[in-house]
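I have placed the structure first, in the form of structure tokens, so that the comments after it can refer back to it.
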Number of protein chains: 2
Amino acid sequence: MGRNKTTIRDIAKALNITASTVSRALNNHPGISEATRKAVEATAKKLHYRPNHIAAALRNGRSNIIGVLVPSADKSIFPSVIRGIEDEVNRLGYSVIVGQTYENSAREAKAIDTMLKTRVDGIIVSIAKDTNVFEHLTRIRAEGIPLVLFDNTVSDLGVSIIKNDDFHGAYLATEHLILGGRKKIVHLIGPRTSEIYRERLRGYTVALSRYGLHADPNLLVDCPSDVQAGQSVVQELINKGVSFDAIFSSSDYAALGAIQQLKANNISVPQEVSIVGFGNAPFTSYLDPAISTVDQNGLQMGQCAARVFLEQIKQGDNYIIRQHILQPQLIIRASSP
Amino acid sequence: MGRNKTTIRDIAKALNITASTVSRALNNHPGISEATRKAVEATAKKLHYRPNHIAAALRNGRSNIIGVLVPSADKSIFPSVIRGIEDEVNRLGYSVIVGQTYENSAREAKAIDTMLKTRVDGIIVSIAKDTNVFEHLTRIRAEGIPLVLFDNTVSDLGVSIIKNDDFHGAYLATEHLILGGRKKIVHLIGPRTSEIYRERLRGYTVALSRYGLHADPNLLVDCPSDVQAGQSVVQELINKGVSFDAIFSSSDYAALGAIQQLKANNISVPQEVSIVGFGNAPFTSYLDPAISTVDQNGLQMGQCAARVFLEQIKQGDNYIIRQHILQPQLIIRASSP
DNA sequence: TTGTATGCGTTATCAT
DNA sequence: ATGATAACGCATACAA
């Protein structure tokens with residue numbers, strides 16, 4: 001079956017013309033006769049020619065590859081984001097390289113380094129929760145590579161950002177619980193190293209104070225974003241005898257764990273304790289009771305990030321730094337009627 | 001600042017040596033004095049040198065990029081598979097390009113074409129359900145590019161395959177229902193164009209006949225893999241007055257829809273109708289009742305595919321064609337006690 | 001409209 | 001242990 005080793009030179013040879021002409025014909029340059037173009041296309045097909053993107057990339061300085069770096073390709077909104085980005089850039093002829101950080105700053109730096117070596121045309125990143133020094137990110141910009149941050153971002157890097165309005169989402173969730181008559185609202189705080197969770201905490205706090213409730217420190221609990229943590233944290237609250245009538249969890253997983261643990265203690269949801277999660281994970285709508293939550297549209301976020309990136313590519317050096325704050329939506333379900 | 005334009009020539013110039021020496025030093029070739037190696041490394045760092053993978057790829061004929069093609073990056077087991085593959089190949093220095101087919105054969109062919117143009121070192125594919133002609137896949141092998149199929153595969157292409165034993169999974173699920181005393185077991189059949197679903201159907205059928213039950217055609221229903229379809233198909237069965245005491249669904253989503261519709265008709269699960277799904281989607285364990293299902297470990301599948309791929313790369317032309325059949329696990333939960 | 005010449009950055013081969 | 005040279009495949013500036 002002979003591997004495809006056909007190059008533009010082979011086509012040129014077959015037609016007694018030069019490689020340049022073939023190149024131009026293939027790329028629809030102006031100033032190529034219709035005849036030769038047809039001929040080139042015909043023999044290209046006949047010889048099973050396949051353009052070599054690598055060679056073109058070296059020559060052009062553009063790889064038509066973009067890097068997408070996420071904590072984990074199978075968690076949270078990231079699958080949707082990856083999908084959204086791929087959807088969007090694919091039609092413009094870009095390929096997407098996916099890297100994973102596992103929320104680890106060192107791996108993040110290494111992945112970025114690899115992408116830079118691969119000469120990606122741009123990088124779209126959700127920063128690892130672990131990361132608190134940003135030299136590897138600033139370097140991207142310093143080298144003139146478009147950089148777009150989404151989801152977990154930092155504001156003071158001078159780069160485009162797409163994020164959810166976590167503050168507002170948390171505010172809405174908390175307000176909803178307050179308006180439902182709840183007064184002792186626990187907040188399960190996510191990792192504070194991440195702006196996302198600090199914003200959710202802020203939304204919670206501000207909502208409380210707007211409604212004249214003070215934030216009881218006993219109701220503020222740090223809690224990793226997983227089911228087990230939700231369980232144990234709630235059990236601890238119960239053991240300590242802390243009294244509460246609602247939980248606003250910074251993650252759906254912790255919210256689920258909380259519900260399970262409440263059930264295990266024969267505390268009824270939502271009658272005795274209302275619950276709102278965050279993230280609109282697929283399972284939340286299927287549960288009984290279905291969990292109220294704050295939706296963050298991953299697909300939309302990916303698409304938005306991709307569009308900002310594409311604009312940046314197009315504009316070149318004097319691109320506009322965008323700050324897209326996507327408005328999350330409070331989804332009210334049975335866990336907080 | 002200043003964009004990184006440093007090449008090995010710049011390093012060479014700075015040290016009054018040649019590019020070849022620099023290249024060798026950087027790549028830890030034997031026959032380079034420790035002194036020059038140190039010197040090269042030092043100035044490389046000083047000049048912020050970053051190797052150009054694109055140039056190396058052109059020169060070497062290897063891009064260190066592999067293509068992973070899935071129906072959709074955010075559905076089913078694919079996020080896990082992508083993660084598993086990336087996990088596995090990343091440490092060997094490969095980057096992963098993700099492409100999506102949306103179960104569409106034409107897009108599949110196009111995505112493969114793009115990957116080939118990008119000169120990926122190999123392609124790992126879950127075939128689109130839509131696909132029934134395989135010329136674009138055989139072409140990959142014809143050009144000497146390693147190809148590995150997973151999940152939705154075809155056996156007669158002479159390439160390595162990683163798949164779940166869908167037959168066995170379905171057999172176990174059906175057997176479990178039979179042993180639970182059920183005799184009128186509905187099967188929700190997935191798209192028959194896909195081998196996966198044909199195998200699940202076969203597992204169902206064989207299990208029935210082994211236990212002396214005959215497959216009632218009224219209980220065999222074609223049903224797309226989504227919640228809505230599960231609902232409407234079950235409603236239809238009820239409307240037609242078909243009598244059944246269990247459902248084995250070829251997908252968790254249809255199983256969920258089925259449960260919801262049964263509840264809506266005041267039919268109790270699992271008392272009146274037992275249910276087993278397929279796929280072990282995250283939500284199945286969180287539901288009430290939690291759905292029994294057949295687990296197909298996406299992460300493991302991805303890792304396995306990656307390893308087979310890496311072996312193939314390593315072996316070169318005379319690689320061994322692997323057929324890994326991963327044994328799925330029946331997970332019994334409340335929906336089928 | 002087409003040809004000539006050159007270089008993108010790297011590495012392998014052959015020489016020294 | 002290091003240098004010189006060529007080549008990977010393509011696309012452009014310049015010439016004709």
Side-chain angles (χ1 to χ4, degrees), chain A residues 3-41 43-44 47-65 93 114 116-121 143-144, chain B residues 3-41 43-44 47-65 93 114 116-121 143-144:
Chain A
R3 314 182 173 189
N4 193 337
K5 287 281 168 201
T6 310
T7 73
I8 52 171
R9 304 192 113 86
D10 298 317
I11 300 175
K13 218 169 290 177
L15 290 172
N16 266 326
I17 56 180
T18 63
S20 350
T21 307
V22 174
S23 173
R24 286 187 277 245
L26 254 19
N27 293 292
N28 290 318
H29 273 227
I32 284 284
S33 76
E34 204 45 34
T36 48
R37 165 173 295 122
K38 294 268 187 206
V40 166
E41 260 155 26
T43 42
L47 299 181
H48 303 104
Y49 170 71
R50 197 189 313 281
N52 185 329
H53 281 358
I54 296 285
L58 179 58
R59 168 67 228 229
N60 296 328
R62 299 183 311 105
S63 62
N64 280 329
I65 297 175
T114 302
L116 256 19
K117 287 174 180 165
T118 308
R119 297 307 197 260
V120 295
D121 290 345
E143 300 197 7
Chain B
R3 323 208 161 161
N4 193 337
K5 288 282 167 200
T6 310
T7 75
I8 52 172
R9 305 193 112 84
D10 298 319
I11 301 175
K13 217 168 291 175
L15 290 172
N16 266 324
I17 56 179
T18 64
S20 338
T21 306
V22 174
S23 174
R24 285 188 278 245
L26 255 18
N27 293 290
N28 289 319
H29 273 227
I32 283 285
S33 75
E34 204 46 33
T36 48
R37 167 174 295 122
K38 295 267 187 207
V40 166
E41 260 156 25
T43 42
L47 300 181
H48 302 104
Y49 170 71
R50 197 190 311 283
N52 185 328
H53 280 358
I54 295 284
L58 178 59
R59 169 67 226 222
N60 295 328
R62 298 182 311 104
S63 63
N64 280 328
I65 297 175
T114 302
L116 256 19
K117 287 175 180 165
T118 309
R119 294 311 197 259
V120 294
D121 290 345
E143 301 197 6

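Because the structure is predicted, anything quoted here is derived from the model rather than measured. The chains referred to below are lettered A, B, ... by the order of the sequence lines, with proteins before strands, and numbering in each begins at 1.
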Quick one: B/Ile54 CD1 to D/dC10 P, roughly how many Å, whole number?
14 Å

For A/Ala56, enumerate each residue passing the side chain to side chain contact (heavy atoms under 4.5 Å, CB included) test, keeping only those at least two apart in sequence or located in another chain.
A/Asn60

Length of the CZ-P vector between A/Arg62 and D/dC10, whole Å:
16 Å

Using modelled atom types only, decide if a donor and an acceptor are shared between the side chain of B/Ser23 and the backbone of B/Ala19 within a distance under 3.5 Å.
no

With A/Arg59, which residues qualify under side chain to side chain contact (heavy atoms under 4.5 Å, CB included), at least two apart?
none

Sugar-phosphate atoms are those with a prime plus P, OP1 and OP2; base atoms are the rest. Using that split, label each nucleotide of nucleotides 4-11 of chain C B, S or - for protein heavy atoms under 4.0 Å, 5' to 3'.
BB-BBBBB

Do B/Asn64 and B/His53 pass the side chain to side chain contact (heavy atoms under 4.5 Å, CB included) test, and can you show the C-alpha distance, the side-chain angles, and the key distance before you say yes or no?
CA-CA 8 Å; B/Asn64 280 328; B/His53 280 358; 6.0 Å; no

Using a distance-only test with no angle check, is there a side-chain donor-acceptor pair under 3.5 angstrom linking B/Thr21 and B/Thr18?
yes

Under-4.0 Å salt bridge between B/Arg37 and B/Glu34:
yes

Considering every strand and a 4.0 Å limit on heavy-atom distances, what is the contact class for B/Asp10: base, sugar-phosphate, or nothing?
nothing

Specify the separation, in whole Å, of atom CG of B/Asn28 and atom P of C/dA12.
13 Å

